[in-house]
Amino acid sequence: MTTNDPSIEGKPVTDQPVHIDADDDLPEQMRVRREKRARLLETGREPYPVGFPRTATLAEIRERFGDLPTDTATGEKVGVTGRVIFIRNTGKLAFATLRAGDGTELQAMLSLDRVGQEALDDWKRLVDLGDHVGIEGEVITSRRGELSVLADRWEMTAKSLRPLPVAHKPMSEESRVRQRYVDLIVRPQARETVRTRATVVRSLRESLHNRDYLEVETPMLQLLHGGAAARPFVTRSNALDTDLYLRIAPELFLKRCVVGGIERVFEINRNFRNEGVDSSHSPEFAMLEAYQAYADYNTMATMTRELVQEAAFRLSGSHVVRHHDGTEFDLGGEWREVTLYGSLSEALGEEVTVETPMPRLMEFAAKHDVPIDPKWGPGKLAEELFEALVVPGLIAPTFVRDYPEETSPLTRAHREVPGLTEKWDLYVLGFELATAYSELVDPVVQRDRLVAQSLLAAKGDPDAMQLDEDFLRAMEYGMPPAGGMGMGIDRLLMALTGLGIRETILFPIARPE
RNA sequence: GGGCCGCUAGCUCAAUGGCAGAGCUGCGGACUUUUAAUCCGUAGGUUCAGGGUUCGAGUCCCUGGCGGCCCA
């Protein structure tokens, strides 16, 4: 709490949030619910009590009494809680469906002869859809066989002041994203996605721990902009009197860890990129990065496949996952491997290599209506052609290997083909899921590459990295040969569920209302 | 960045340029076995904002806001 902030006290009264008696302006349904809250208080009851003597969860009751025959009384007294999601009142008998946070539903029944006239009338008068209630009573089944708690007593445990959306019509996508809490209340799929994500992240951590990796947390606020090619967010430190960058990647710090002897290291955390927002891009996104000494990009490919397959197995018990639309997606077995230039040559119907000169590549670009930027070199243009012509067809998991040196300044040169690097991108469902390198560890070559990057930055390329002298100093102490891999967590969820990125992120960024 | 579509009651959606409506929700009533309960009655609106055309604009035009889809 910050209510002691002295700066508030000196302000004129007009700047204070004015407490208006707004009830007259509220929509009828919200006014009515506030009146019901007030009526509870007036009659000495708490609309928001400190708790309720719950003796069993709804799931436990379903578990224990799931096979109870129709129209049976057990004599078993329980206390249960839940949110009211359906109400069916008759004259002297009321039914309500309660739902718990895990999605389990159970019926509550209130009969005149058990609770008395006053409690039954209050129930009908004061309880709305969406309220949290507690019920004490006997576990029974109704004449229609529905497992129920027949109340001796009921209590409001949290009055809902806003009406729930209609349960039988889907909310608009915008409402779902802007009011995820409501989405979670009414849509089982929304709750399921949260659980799926937690399962996947836990699976990744356990898979890495099982391989003797250590998890670390490296700076999110960075003095220099580096580790990838992307536009950063800039913020300000008052204490240091300097600009700071929200990190675009943890790479340069995880490599410092490897220099320091943490030979298997990973981080799962957020990166921030000041770029476009669409169905597969979010300005903040969760990422796994992992580095392993004495590994290379082949090692990392095998491990990446295993991490994804183990996550799939945790979700579905096999390497075949079921997408939200019901289609099955097979992530099992070995995955296809192609090379960047090989797959591009196939798409163009003509051989191109890292040697293919710029004018020839520009002809291909013109022929296939791929727009070009005069600042690009032949490597960048080849990658753009690849993204336009090959990527959309990469549905089954595919490793695309051996990228041009020009676009991969932190990657080791290919051990056989000059001009290429030992880098792969993993594509699935037409988007990039992960990337890995045989890391560049020669500090002299690294310095040359980073100086070239910083010259680009100085010339105004907002994506280009700044020269990180401290990183180079670390590299000069000697980093062992290593493989490094990065995987988008949100995109892994997309691959496993078939959902859009705004569904896999619990609270995606939205413009102000 | 370009194009297209949308924004109307708490929610989901209707409404040839001519009285702003439906279903669910809400409110009042009936009902002791309901399952999106049913039946009777009833309330609920700054039609995203601003401007324009018109006797008359939710509807047509312009500007802006927000969202979605497609393209680059």
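Residue numbers begin at 1 in each chain, while the letters A, B, ... track the order of the sequences. Just so it is clear, the structure is predicted and the values come from calculations on it, not from any experiment.
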Nearest-nucleotide 5' precedence on RNA chain B, Lys36(A) against Ser111(A): Lys36(A)
Separation of the P atoms in C24(B) and C60(B), to the nearest angstrom: 30 Å
Distance in angstrom units between Gln179(A) CD and G10(B) P, rounded: 13 Å
For C4(B), the Watson-Crick or wobble partner whose two distances fall under 3.5 Å: G68(B)
Length of the CD-C1' vector between Glu384(A) and A72(B), whole Å: 11 Å
For atom CZ of Arg114(A) and atom P of U33(B), their distance in whole Å: 16 Å
Proximal nucleotide (of C27(B), A36(B), U35(B)) relative to the Val32(A) side chain: C27(B)
Integer angstrom distance from the P of U63(B) to that of G3(B): 11 Å
Paired nucleotide for G41(B) [Watson-Crick or G-U wobble; both distances under 3.5 Å]: C27(B)
Nearest-Å distance once atom P is located in both G56(B) and U46(B): 23 Å
Base-pairing assignment for C55(B) (Watson-Crick or G-U wobble, both under 3.5 Å): G18(B)
Integer angstrom distance from the C1' of G45(B) to that of G26(B): 15 Å
Among U35(B), U33(B), A36(B), the nucleotide that comes nearest once only the side chain of Phe95(A) is considered: U33(B)
Distance, P atom - from C19(B) to C13(B), rounded to whole angstrom: 25 Å
Salt-bridge contact Arg187(A)-Asp183(A) (side-chain N to carboxylate O under 4.0 Å): yes
Salt bridge Arg180(A)-Glu503(A), side-chain N to carboxylate O under 4.0 Å: yes
Interatomic distance at P, U12(B) relative to G18(B), whole Å: 27 Å
Nearest-nucleotide comparison on RNA chain B, the residue closer to the 5′ end among Val127(A) and Lys92(A): Val127(A)
Candidates C31(B), G10(B), G67(B) - which lies nearest the side chain of Pro163(A): G10(B)
For atom CG of Asp131(A) and atom P of U25(B), their distance in whole Å: 15 Å
Separation of U35(B) C1' from Arg143(A) CZ (nearest whole Å): 16 Å
Basic-acidic side-chain contact under 4.0 Å: Lys380(A), Glu384(A): yes
Glu35(A) CD to G26(B) P, straight-line distance once rounded to whole Å: 15 Å
Paired nucleotide for U47(B) [Watson-Crick or G-U wobble; both distances under 3.5 Å]: none
Atom pair distance, as rounded to whole Å: CG in Leu126(A) and C1' in G28(B): 16 Å
Parallel, tilted or perpendicular: ring planes of Phe233(A) versus Phe272(A), cut at 30 and 60 degrees: perpendicular
Nearest heavy atoms of Ala249(A) and Glu289(A), plus distance in Å: CB-OE2, 3.8 Å
Sugar-phosphate, base or nothing in reach of Asp128(A), heavy atoms under 4.0 Å: sugar-phosphate
Watson-Crick or G-U counterpart of U33(B), or none if no pair lies under 3.5 Å: none
G6(B) versus C48(B) - spacing of their C1' atoms, nearest Å: 11 Å
Atom P, compared across U35(B) and C39(B): separation rounded to whole Å: 11 Å
Closest listed nucleotide, where the reference is the side chain of Gln29(A) and the choices are U35(B), U32(B), G10(B): G10(B)
Atom pair distance, as rounded to whole Å: CG in Leu120(A) and P in C31(B): 12 Å
Touch class at under 4.0 angstrom, heavy-atom based, for Leu164(A) against every strand present: nothing
Heavy-atom donor-acceptor pair, Thr74(A) side chain to Val139(A) backbone, under 3.5 Å: yes
Any Arg31(A) side-chain N or O less than 4.0 Å from OP1/OP2 of G44(B): no
Nucleotide of U32(B), U35(B), U33(B) approaching Leu112(A) most closely (side-chain heavy atoms): U32(B)
Nearest to side-chain heavy atoms of Leu93(A), which nucleotide of A37(B), G10(B), U33(B): U33(B)
Salt bridge Arg360(A)-Glu350(A), side-chain N to carboxylate O under 4.0 Å: yes
